[in-house]
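Step one of this worksheet: look at the structure below.
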Amino acid sequence: MKVIFLGTPDFGIPALQAIMEHHQLLACVCQPDKVGTRGRTEFCAVKKFALQHNIPLYQFEKVSRDGVQILKDLAPDIMVTAAYGQILSQEVIDIAPYGIINIHGSLLPELRGAAPIQYAVLLGLEKTGVTILNTVRKVDAGPTIVKKSLDILPFETNGQLFERLSVLGAEAVIEALDLIEKGQAVYTEQDEEQATFTGKITAEQERIDWSKSSTDIINLVRALNPSPIAWTTWQGKRLKIHELRPCDLQFDGVPGQVVLCTKKQLAVMCGDNKAVYITVLQAENSKCMPTTAFLCGKRIEVGTILGE
RNA sequence: CGCGGGGUAGAGCAGUCUGGUAGCUCAUCGGGCUCAUAACCCGAAGGUCAUGUGGUUCAAAUCCCAUCCCCGCAA
């Protein structure tokens, strides 16, 4: 089929690759370039891919306003979205005969919205997946075509899960496209009663609240890895926490208090009276490093309370 | 030209303000202690102090200038 792909970050790349191999990829659409860190602008993953493979690329400020006629002229059979980042108007949805299908990183109707994968980790779920659904005006609410699930590993980070789901998403989207092409696709309406919604992670959520349970804190840390990274403070400066592990030793202390600091280990008390080992961290202006390396140059005295 | 921090041994840091023999903690290697050890003790190796073989100076890791790279914040 003739496909137009709309997506921006890494998530859609495996799917994009697969579509390019199995179908006729007419063009890619991604968000406009953003000013990156420290003034530099960096192209998004989809733009890099398109440039590298000589695929026509469009970056509309608002696709619903600027892109309708252009995309219509390309005469696609179907359009595929994967973390594109713009809400689509009915006009856009109606461009292709088969409409638009979206690759969503959860088992819908659970975890609709902007950050399904992060929330799957944040909530400590043991299972999630990808859903291919038909796009309708309401976000992630259209009928589903293909669902694939997988188990979330015990200490898996958002980044690791993200990568696995993006590969699974590629399988699923090809399956869906084939079904649609053969006229065998079954569109299943979602159960609205079961729907849950995820908003974007806010800056306030990134700060670790040590009074929460060790499990919640560990889940937060892995949900925010590799970006934007959960943090606390030490000596008035930010201390990013990249990775935590549960600690079975018993200590007395208040939430946020450093209860163990040796040459190799650093443990902090949480709200449920359990401690966690900090295993990978990053001080301000410094690189991310294992705690063992950090402790070679600096020590945090036992009794210090983080996050104040 | 958004604001700021940094580049010193394989790793993480101190030393820079106040120029004057290159330090610390890990890791590595050798030896010792121990029932044993990721613990402890003794010793060794390992650095043109990011680059310009730039400027100032009797003397530069340290002061001045330029360049490259890394990082935090803000967007």
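The chains referred to below are lettered A, B, ... by the order of the sequence lines, with proteins before strands, and numbering in each begins at 1. Since the structure is predicted, the reported quantities are computational estimates derived from the model, not experimental observations.
Using the Watson-Crick or G-U wobble rule with both distances under 3.5 Å, B:G23 pairs with B:C13. With a cut-off of 3.5 Å on both Watson-Crick or G-U wobble distances, the partner of B:A44 is given as B:U28. The partner of B:U51, taking Watson-Crick or G-U wobble pairs whose two distances both stay under 3.5 Å, is B:A66. Across all strands shown, B:G72 forms a Watson-Crick or G-U wobble pair with B:C3, both key distances being under 3.5 Å. Taking a pair to require two hydrogen-bonding distances under 3.5 Å in either a Watson-Crick or a G-U wobble arrangement, B:U18 remains unpaired.
Comparing B:C58 with B:U51, their P atoms sit 25 Å apart, to the nearest whole Å. As rounded to the nearest Å, B:U62 and B:C17 have P atoms that lie 9 Å from one another. Going from the P atom of B:U28 to that of B:U67 covers 42 Å, rounded to whole Å. Rounded to whole Å, the separation between the C1' atoms of B:U56 and B:C65 comes to 11 Å. For B:G5 and B:C13, the C1' atoms lie 15 Å apart once the distance is rounded to whole Å. As rounded to the nearest Å, B:U25 and B:C42 have P atoms that lie 10 Å from one another. When the P atom is used for both B:G15 and B:A50, the distance is 15 Å, rounded to whole Å. Nucleotides B:G20 and B:G30 have their C1' atoms positioned 35 Å apart, rounded to a whole Å.
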- 5' to 3', nucleotides 5-15 of chain B under a 4.0 Å protein heavy-atom cut-off (B base, S sugar-phosphate only, - none) gives B-----BBS--

What side-chain donor-acceptor pairs closer than 3.5 Å can you find for residues 247-254 of chain A, not counting sequence neighbours?
none

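Salt bridge absent: A:Lys127 and A:Glu110 never bring a charged side-chain N and a carboxylate O closer than 4.0 Å. In summary, A:Glu91 and A:Lys72 do not engage in a salt bridge, as defined by a charged side-chain N under 4.0 Å from a carboxylate O. A salt bridge is absent between A:Glu284 and A:Lys240: the closest approach of a Lys/Arg side-chain nitrogen to an acidic carboxylate oxygen does not fall below 4.0 angstrom.
Closest approach to the A:Lys240 side chain among B:C40, B:C71, B:C73 is made by B:C73 (side chain taken as heavy atoms from C-beta onward).
Taking side-chain N and O atoms only, A:Gln282 has a distance below 4.0 Å to OP1 or OP2 of B:G72. Between A:Arg299 and the phosphate of B:U25, there is no side-chain N or O to OP1/OP2 separation shorter than 4.0 Å.
Of the N and O atoms on the side chains of A:Glu243 and A:Asn225, not one donor lies less than 3.5 Å from an acceptor on the other residue. A:Gln86 and A:Lys62 form no side-chain donor-acceptor contact under 3.5 Å, judged by distance and modelled atom types alone.
Between A:Leu57 and A:Lys47, some side-chain heavy-atom pair lies under the 4.5 Å cut-off. A:Phe60 is listed as a side-chain neighbour of A:Ile70, based on a closest heavy-atom distance under 4.5 Å.
Nucleic acid contact for A:Lys264: sugar-phosphate only, since backbone atoms but no base atoms lie under 4.0 Å from a heavy atom of the residue.
Here the C1' atom of nucleotide B:G72 and the CH2 atom of A:Trp234 are 16 Å apart, to the nearest Å. At whole-Å resolution of the value, CG in A:Leu239 and P in B:C73 are 12 Å apart.
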